[in-house]
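Because only heavy atoms are used, hydrogens play no part in the values below, and waters and symmetry mates are left out as well, while side chains stay in. Here the structure is a predicted model, which is why all the values come from computation and not from measurement. We count ligands from 1, going down the list as the structure has it; atoms in each ligand are counted the same way.
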Amino acid sequence: MTYLITGARGMLGRDVTAALRAAGHDVVPLGRDALDITRPSAVRSAFASLRPRTVVNCAAYTAVDAAEHDEPAAHRVNADGPRHLAETCAATGARLVHISTDYVFAGDADAPYAENAPTHPRTAYGRTKLAGEQAVLETLPETGTVLRTAWLYGAHGPNFVATMAGLASGDGPVDVVADQYGQPTWTADVAARIASLPPFPGVLHATCAGGTTWYGLAREVFTLLGADPDRVRPVTTVDIPRPTPRPANSTLAHARWAAVGLPPLRHWREALHAAWPALGLPGRTA
Ligand SMILES: NC(=O)c1ccc[n+]([C@@H]2O[C@H](COP(=O)([O-])OP(=O)(O)OC[C@H]3O[C@@H](n4cnc5c(N)ncnc54)[C@H](OP(=O)(O)O)[C@@H]3O)[C@@H](O)[C@H]2O)c1
């Protein structure tokens with residue numbers, strides 16, 4: 001089975017490529033320079049020459065604040081791109097696994113969001129990602145899978161864990177938001193799940209189990225680095241203004257994995273400890 005990975009040079013795309021290869025699959029990873037998903041003719045010609053049976057779309061406009069100032073640019077990548085991929089999958093019989101985000105939700109619920117919870121994006125990024133989901137599910141009702149994830153960290157891109165590791169190497173206190181909840185999720189865990197995913201039409205939630213705040217995650221990172229976790233100081237969202245609102249609750253529920261015959265992803269702390277040697281950060285190997 002040939003897998004085509006789009007956005008293959010991104011943080012998730014690189015781990016997806018590695019996981020599929022480790023599982024023995026024939027994989028063609030294409031970065032943006034090799035396949036720009038906003039160009040329908042480029043998508044059609046890639047399918048014609050590669051004849052993929054499954055496409056994993058890791059390409060996205062992920063700059064949340066920049067998207068607020070140029071929603072059309074984000075829409076082209078996050079909504080039009082998946083639509084072009086889905087239409088070409090429909091024409092060729094290929095399956096599509098499309099990566100999405102918790103930002104499709106309002107982020108103000110007091111419990112984890114179920115797969116079928118009402119969406120209500122509060123940001124341009126979230127609106128464009130929701131439009132991409134809808135394009136995939138409408139175009140491929142039998143063969144389109146939307147895999148929502150959140151709070152990703154990994155070895156191949158900027159992320160919160162790497163940022164905290166950089167700050168931990170300095171001195172003094174580090175202020176971290178303690179009133180936003182989420183599920184830190186290792187890109188390699190999502191990638192491994194994609195490599196073992198059977199065909200499944202609809203939405204699945206690929207975030208780690210449990211939950212914490214950015215503050216809780218920062219303390220865990222400091223501890224793994226051998227730094228003093230008490231240097232991390234809890235602050236609130238209003239103390240650190242951002243150009244774009246961040247969700248107070250990013251946690252996703254995982255009930256639908258039962259229908260796929262797979263367990264939910266492991267607990268975020270277990271995953272972070274397992275990830276540590278692969279992240280290229282100093283400190284102890286857990
Ligand atoms: N990171 C997170 O915490 C997080 C959370 C929830 C969901 N997600 C979702 O997870 C997926 C992967 O994100 P990531 O963290 O791996 O992001 P990333 O590192 O920014 O990777 C995205 C990749 O897409 C590429 N790309 C952008 N425009 C493209 C285009 N027109 N055609 C083809 N490729 C294009 C980018 O290339 P350039 O670098 O050249 O622009 C980049 O390599 C995305 O769908 C994202 O929405 C991420």
Between Glu133 and Arg148, is there a salt bridge with N-O shorter than 4.0 Å?
yes
Which of the listed options, Tyr125, Phe160, Tyr61, holds the heavy atom that is closest to atom 8 (N) of ligand 1?
Tyr125
Between Leu35 and ligand 1, find which residue part has any heavy-atom pair under 4.0 Å and reply side chain, backbone, both or neither.
backbone
Is Ala150 in polar range of ligand 1, meaning some N or O pair under 3.5 Å apart?
no
Compute the ring centroids of Trp151 and Trp214, then answer whether they are less than 6.0 Å apart.
yes
Distance col, row Leu4:CG vs Asp26:CG, nearest 0.5 angstrom, shows 11.0 Å
How far is atom 7 (C) of ligand 1 from its nearest protein heavy atom, and which residue and atom is that?
Ser100 O, 3.4 Å
Under 3.5 Å donor-acceptor, Thr185 side chain and Gln183 backbone:
yes
How far is atom 10 (O) of ligand 1 from the closest protein heavy atom, and which atom is that?
Ile99 CG2, 3.3 Å
Given the protein's heavy atoms, is any one of them under 4.0 Å from atom 41 (O) of ligand 1?
yes
Under a 3.5 Å cutoff, is there a donor and acceptor pairing between the side chains of Thr236 and Asp179?
no
Can you tell whether the side chains of Asp108 and Arg122 come within less than 4.0 Å, N to carboxylate O?
yes
re atom 21 (O) of ligand 1, the protein heavy-atom contact at minimum distance is Gly10 CA, 3.4 Å
For Thr38 and Asp80, which I'm curious about, is there any donor-acceptor pair between the side chains at under 3.5 Å?
no
Show the atoms of ligand 1 that are less than 4.0 angstrom away from any heavy atom in Asp36.
30 (C), 31 (N), 32 (N)
To atom 44 (C) of ligand 1, the nearest of Ala63, Gly31, Gly7, Ala60 on a heavy-atom basis is Ala60
Consider ligand 1: state whether an atom of it lies below 4.0 angstrom from any non-hydrogen atom of Cys58.
yes
Could you list the atoms of ligand 1 found under 4.0 angstrom from a heavy atom of Ala59?
24 (O), 33 (C), 34 (N), 35 (C)
Less than 4.0 Å is my threshold; does some heavy atom of Gly81 fall inside it relative to ligand 1?
no
Short list, please: which atoms of ligand 1 are under 4.0 Å from a heavy atom of Leu12?
12 (C), 16 (O)
Atom 28 (N) of ligand 1: which of Val77, Thr6, Val43 has the nearest heavy atom?
Val77
Pair Glu220-His273, side-chain donor/acceptor within less than 3.5 Å
yes
Considering non-hydrogen atoms of the protein only, which is the closest contact for atom 29 (C) of ligand 1, and what is the distance?
Arg32 CG, 3.7 Å
Shortest protein contact, atom 6 (C) of ligand 1 (heavy atom only):
Thr149 O, 3.2 Å
Counting heavy atoms only, which of Leu147, Thr62, Ile37 comes nearest to atom 13 (O) of ligand 1?
Thr62
Do Asp36 and Val77 have side-chain heavy atoms sitting under 4.5 Å apart?
no
So the atoms of ligand 1 within less than 4.0 Å of a heavy atom of Thr38 turn out to be 31 (N)
Indicate yes or no: does Arg266 engage Asp189 in a salt bridge with an N to O separation below 4.0 Å.
yes
Just by distance, with hydrogens left out, do Thr123 and Glu68 show a side-chain donor and acceptor under 3.5 Å apart?
no
Can an N or O of Lys129 be found at a distance shorter than 3.5 Å from an N or O of ligand 1?
yes
Would you mind telling me if ligand 1 is within reach of the side chain of Arg148, the backbone, both or neither, using heavy atoms under 4.0 Å?
neither
Identify the heavy atoms of Ala150 and Thr207 that sit nearest to each other, and give their distance.
N-CG2, 3.4 Å
So, Asp171 and Arg231, do they make that salt bridge, N to O below 4.0 Å?
no
Transitive ILVMFWY cluster of Tyr103, excluding itself - 4.5 Å side-chain cut-off
Val64, Tyr125
Could you tell me the residue and atom name of the protein heavy atom closest to atom 4 (C) of ligand 1, and the distance to it rounded to 0.1 Å?
Leu152 CD1, 3.7 Å
Per-atom filter on ligand 1: closer than 4.0 angstrom to a heavy atom of Arg9 are 43 (O)
Would you kindly specify which portion of Ala8 sits under 4.0 Å from ligand 1, judged on non-hydrogen atoms: side chain, backbone, both or neither?
neither
Give me the residue, atom name and distance of the protein heavy atom closest to atom 15 (O) of ligand 1.
Met11 CE, 3.7 Å
